[in-house]
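A short worksheet on the structure shown next.
Indexing begins at 1, ligand by ligand and atom by atom, following the structure's order. We count residues from 1, following the sequence as given.
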Amino acid sequence: MNFLIMGPPGAGKGTQAKILAEKYNFMHLSTGDMLRHEIDNKSEIGLKAKNYMNQGFLVPDDVLLSIMENTLTSLKGIGIILDGFPRTIPQAEGLEEIFQKLDLQIDYVINVHVDKDILINRLTNRAKNSGRSDDTKEIIINRQKVYSELTEPLIQFYKDQLLTINGDGTVEEVTQRILEKIQ
Ligand code: ADP
């Protein structure tokens with residue numbers, strides 16, 4: 001089974017993805033984590049990605065699509081939960097091609113919804129401990145803007161498969177809401 005989890009920055013999709021991956025024994029693929037790993041290793045991809053990420057912009061689609069194609073090809077057959085990908089319509093179209101090639105399908109698209117002002121608050125609080133260089137107020141606002149312009153249209157793209165979950169509440173409450181929808 002393959003899951004896709006989406007939502008604006010700060011919605012808690014990474015936390016929920018981790019919990020679901022453990023529960024169902026899936027591979028959790030977070031493109032944010034994968035990119036940060038490339039940056040730590042000072043790889044060619046990491047060098048390319050760093051400036052975009054630090055400013056809260058998206059890393060170019062071709063970079064993400066090539067990372068995902070390689071990763072998904074090597075994992076063929078293993079259940080996955082994709083966290084943070086796709087983030088644009090071209091990425092979603094590219095993902096469809098990759099899935100077709102590998103004879104895979106997306107079973108559930110989970111959309112974690114949280115209102116904008118709650119998100120900004122959560123992220124500014126997280127910024128105090130995260131140590132992430134893209135967690136400053138100005139960049140947080142930019143990431144929300146990038147989300148509205150480039151990622152939100154995916155809600156329409158996946159409308160037939162979409163399970164929208166209210167992401168306001170405790171981690172456990174949100175997990176419970178997801179489990180109720182997928183069981
Ligand atoms: P958040 O969910 O808080 O935005 P992530 O860890 O998912 O955090 O992503 C951090 C950054 O990594 C993004 O702001 C973006 O620059 C980059 N990134 C992650 N996934 C993608 C993607 N699919 N396409 C382009 N850039 C990405």
Report, one line per pair, each donor and acceptor closer than 3.5 Å where one atom sits in a side chain of residues 138-145; sequence neighbours left out.
| from | atom 1 | to | atom 2 | distance (Å) |
| --- | --- | --- | --- | --- |
| Asn142 | ND2 | Gln55 | O | 3.0 |
| Arg143 | NH1 | Asp134 | O | 2.5 |
| Arg143 | NH1 | Asp135 | OD1 | 3.2 |
| Gln144 | NE2 | Pro9 | O | 3.1 |

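A side-chain contact (heavy atoms from CB on, under 4.5 Å) with Asp83 is found for exactly one of Met34, Lys13, Lys18, namely Lys13.
Listed as neighbours of ligand 1 are Pro9, Lys13, Thr31, Gly32, Leu35, Arg36, Met53, Phe57, Leu58, Val59, Leu64, Gly84, Phe85, Arg87, Gln91, Arg126, Arg132, Asp134, Arg143, each bearing a heavy atom under 4.0 Å from the ligand.
Side-chain atoms of Gln161 do not come within 3.5 Å of backbone N or O of Tyr158 as any donor-acceptor pair. Judged by distance alone, with hydrogens and angles left aside, the side-chain atoms of Thr88 form no donor-acceptor pair with the main-chain N or O of Leu150 at under 3.5 Å.
The side chain to side chain contact (heavy atoms under 4.5 Å, CB included) check on Asp33 picks up Ser30, Arg36, with sequence neighbours excluded.
For the side-chain hydrogen bond (donor to acceptor under 3.5 Å, both in side chains) condition, the pairs that include at least one residue of residues 91-105, sequence neighbours left out, are Asp61-Gln91, Glu69-Lys101, Gln105-Asp107.
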